[in-house]
Amino acid sequence: MTVEERYHFKNIEPKWQQKWEEENIYCTPDSSDRPKYYCLEMFPYPSGKLHMGHVRNYSIGDVVARFKTMQGYDVLHPMGWDAFGLPAENAAIKHGIHPADWTWDNIENMKSQLKQLGLSYDWRREVATCHPDYYRWTQWIFLKLYERGKCYKKTASVNWCPSCATVLANEQVVDGACERCDTKVEQRQLEQWFFRITDYAQRLLDDLELLSGWPEKVRVMQENWIGRSEGAEVKFKVTGTDEELEVFTTRPDTIFGVTYMVLAPEHPLVETLTAGTEYEKDVADFVKKVRNMSELARTTAEKEGVFTGAHCINPLSGERIPILVGNYVLLEYGTGAVMGVPAHDQRDFEFATKYKLPIRPVIQPEGRVLQAEELKEAYTGEGVLINSGEFNGMSNKEAIKAITRKLEGNNQGRAKVNFRLRDWLISRQRYWGTPIPIIYCKKCGAVPVPEDQLPVVLPTDVDFDPSGKSPLVDNPDFVNTTCPKCGGEAKRETDTMDTFIDSSWYFLRYTSPRETKGPWDKEAADRWMTVDQYIGGVEHAILHLLYSRFFTKFFHDLGLINNREPFKNLLTQGMVLKDGAKMSKSKGNVVSPEEIIDKYGADTARLFILFAAPPERDLEWSDRAVEGCNRFLNRVWRLYYSLLDEIKDAPPVQNAAKLVGVHRELRRITHQTIKKVSEDIEKRFNFNTAISAIMELVNAVYTYRDKVPQAERNSSVLREALESAVLLLAPFAPHITEELWQALGYRESVHRQAWPNYDEAALVENEVTIVVQINGKVRDRVLLPADTGVEDMKKYVMEQPKVRQLISGKEVIKVIAVPGKLVNVVVK
RNA sequence: GCCGAAGUGGCGGAAUUGGCAGACGCACUGGACUCAAAAUCCAGCGGGGCUCACCCCCCGUGUGGGUUCGACUCCCACCUUCGGCACCA
């Protein structure tokens, strides 16, 4: 095969893409003796067009997959579509296109764009969550959760997005607004489906320790989101009734400092305690006012409260304590009621000061006497108990245990762990999602659809209401059915599932994507899981990653898989910026991947995006730098073109040890580059420095070609350098390297070659430059044999005329020598 | 407010274990090639001083201190930017 004089990516790229597809070179075999490696990038929502964030995500993953393949691993590298979701439905309402058509068209379009990038996916394993063969198993998983009591329906105050016309999970509310459309979220009382993720709170927290391959940042975010706190639940008897008021506190040691109690406005006792009293109206007005506030307004409002007229009894001191209702107490956390200890909690302090409630210190810091009147803020530190009866003098740390024990003994309380994490609200009042497989029967109530009747197919013949109301609600063919239990008339659930459910198990489906007997084949799942490397945006740090971990644990408990965690190593890539801001239509700073690929080719686009910054960091787009990468590929091409005849029939390097001078040096650079590129990819994912090392190798070959006359060149060394450069560059720029590889005379794909190994002996330098410092400042450099010992180095350096001159008349205090590096002379 | 990450030339970034700061690339400047341009190639490119040829010297990794023979790297304090959490009792 001959090589053209100029690099025409427009011919080369489609040619190889087609060849690779014909020969199925990226298809993962069903069985193999090689060790497995599962490389996964977060699958995209099929919005219609690829953006630069996708290009970055998938370029990173492709380098990893190709590198691991060349290293001899059996690599699973699949791609698919997170294909349910609101934009499809909005397109239907706006443009009259059916969500299914819209979605499948987009998938087709994006798939061809992905193919143009030359990504090494096994397309036979493609999945789309909106396909009945997929969501059938999403429904199956729902039924398993239902069966095991991990799925339930309840009426609760939920987040409602008026623009999306649906409820949202807690995780989908950001700063009181819908994470999708930024509309202010309202609170509504609705009956909704939940998954009991809170049952897994402790395990989700504990197993973060297994995830040493995750960024610390993501682990901390999950830890905060789960929000474990240890404390106690304490019962206070309400005076004059049989009622008991229960509170959760992390500070049972301050119980003698309680001077009031506060209930959440939604707390059931509020009505009970005030009914028929003179306080009823004031309290009801207050509750109404607070309830009408949005969550955001409520959390930013100043603390307010009103007295209910009721009192309760401190279980340890017997003291009578007033009960208030407060806007800052949340019903959903703990028991929906808190004890007020103004001396030792800043919020309580502010509240008590505002309403002139008493403040009583019960913890005394060492060496200081706390006087209630003098306090300017709550004392939240450690100390010794005072004003606390039998516990006086005890350290507060001990008192936490002692008081909890005492309460437990009296049946007035118990140790308790609370989590910030709430159950996952999974139902959505929208059409384009997985139907919830539940049937409501007048006689039997909510009945799960039997497994053999799955999937509950989403009907496609539906009309869309501009209000966003789900077309399922008014679709009699879908809604009306018979009860699986009694055969009587019944109605289907019309809510669909949160799309995060679809994406919480797709990584398992890839292991056996056409399995019909279950969501996946256990043997296949056990062979491939866990995902060795997961790559995606940090915006999924909580939602998707937490839900997937929850599902994995649930599947593990059911014996469906052996692994406990889905993703062993996680790489969170940074954003692609233009002019310092995230690319967005509204800012008008979008660079389209299509244009770039058309102008420079996929190899250039990939190379730039990997070269411009390390993957975790944000990347600033630069058209000029893209041109630079294109220039580099042209430079590589020209180098091959000019040397191809010379190296075509060159044998492998023999008697490497006997090489000298420039030939030895070129070989050293070749092997040093192999080492550096291998380590940069493997250990650090620093593709930018790997690429710069390849550039240096190419520069070195240029220098060799231009400085050494042709007759004197060592064609074997030259060939080794050029061949290595192609192999090292192959994961980054798959098309050009394939073309050059074949030009070297090989028939088999470069992507099926073994990753090059470096020869340790070739790395050894005979002579090294030693830096000479005087008092830590570089003053000279000397060339010494690489194996020169410490004493010889010192001796040699001290004899240098320049050194003698610089230290003359000064006292040499000591001389430090680091072999291969430097000599530092310390003088006074 | 709390937690975390980062701060290095005109720009993106490098320095992996405390040992030559600025690799590689972009931009820029000068030169070669050309009738000319593009492309390509060569050289220069942190700031300042001194020579103004070579050399040499001083300063320099957000700021101020410290440890060390030696600090972009370790420690303390502070400033700035970005990200996350934020009545969670």
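Residue numbers start from 1 in every chain, and the chains themselves are labelled A, B, ... in the order their sequence lines are given, proteins ahead of strands.
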**Asked** Do Asn224(A) and C85(B) have a side chain to base donor-acceptor pair shorter than 3.5 Å?
**Response** no

**Asked** What is the base-pairing partner of C2(B), counting Watson-Crick and G-U wobble geometry with both distances under 3.5 Å?
**Response** G84(B)

**Request:** Could you tell me whether Glu246(A) and Lys235(A) make a salt bridge, using a distance below 4.0 angstrom between a side-chain N and a carboxylate O?
**Result:** no

**Item:** Separation between the C1' atoms of G25(B) and U34(B), rounded to whole Å
**Value:** 28 Å

**Asked** For G44(B), what is the paired nucleotide under Watson-Crick or G-U wobble rules, both distances under 3.5 Å?
**Response** C28(B)

**Prompt:** What residue among Lys303(A), Glu377(A), Glu302(A) forms side chain to side chain contact (heavy atoms under 4.5 Å, CB included) with Glu350(A)?
**Reply:** Lys303(A)

**Item:** Rounded distance in Å between the P positions of G70(B) and C59(B)
**Value:** 15 Å

**Item:** Separation of the P atoms in U80(B) and C72(B), to the nearest angstrom
**Value:** 24 Å

**Message:** Taking donor-acceptor contacts at under 3.5 Å, does the side chain of Lys303(A) reach the base of C87(B)?
**Reply:** yes

**Mutual orientation of the aromatic rings belonging to Phe351(A) and Tyr355(A) [parallel < 30°, tilted 30-60°, perpendicular > 60°]** = tilted

**Message:** Looking at C26(B), I'd like to know if its phosphate oxygens (OP1 or OP2) sit under 4.0 Å from a side-chain N or O belonging to Arg631(A).
**Reply:** yes

**Request:** Starting from the 5' end of RNA chain B, give me the residue, Asn686(A) or Ile816(A), whose nearest nucleotide shows up first.
**Result:** Asn686(A)

**Request:** Start with the C-alpha gap between Asn418(A) and Ser229(A), add the side-chain angles, then the distance that decides, and say whether side chain to side chain donor-acceptor pair (under 3.5 Å) holds.
**Result:** CA-CA 5 Å; Asn418(A) 254 320; Ser229(A) 48; 6.0 Å; no

**Item:** C1'-based separation of C35(B) from C42(B) [nearest Å]
**Value:** 23 Å

**Message:** When the C1' atoms of G65(B) and C79(B) are compared, how many Å lie between them, rounded to an integer?
**Reply:** 15 Å

**Complete:** Mate of A39(B) across any strand shown (Watson-Crick or G-U wobble, both atom pairs under 3.5 Å) is none

**Asked** Taking atom P in both U8(B) and C82(B), what distance in whole Å separates the two?
**Response** 15 Å

**Prompt:** For the side chain of Arg347(A) and the base of C87(B), is some donor closer than 3.5 Å to an acceptor across the two?
**Reply:** no

**Message:** Under a 3.5 Å cut-off for both contacts, is U34(B) paired Watson-Crick or G-U wobble with anything, and if yes, with which nucleotide?
**Reply:** none

**Item:** Complement of C74(B), any strand, by Watson-Crick or G-U distances under 3.5 angstrom
**Value:** G66(B)

**Item:** Span that lies between the P atom of A21(B) and that of C45(B), in whole angstrom
**Value:** 16 Å

**Request:** Flag this pair as yes if the NZ/CZ of Arg347(A) is under 6.0 angstrom from the six-membered ring centre of Tyr328(A) and inside a 45 degree cone about the axis; otherwise no.
**Result:** no

**Asked** Looking at C28(B), does its base get a donor-acceptor pair with the side chain of Arg624(A) below 3.5 Å?
**Response** no

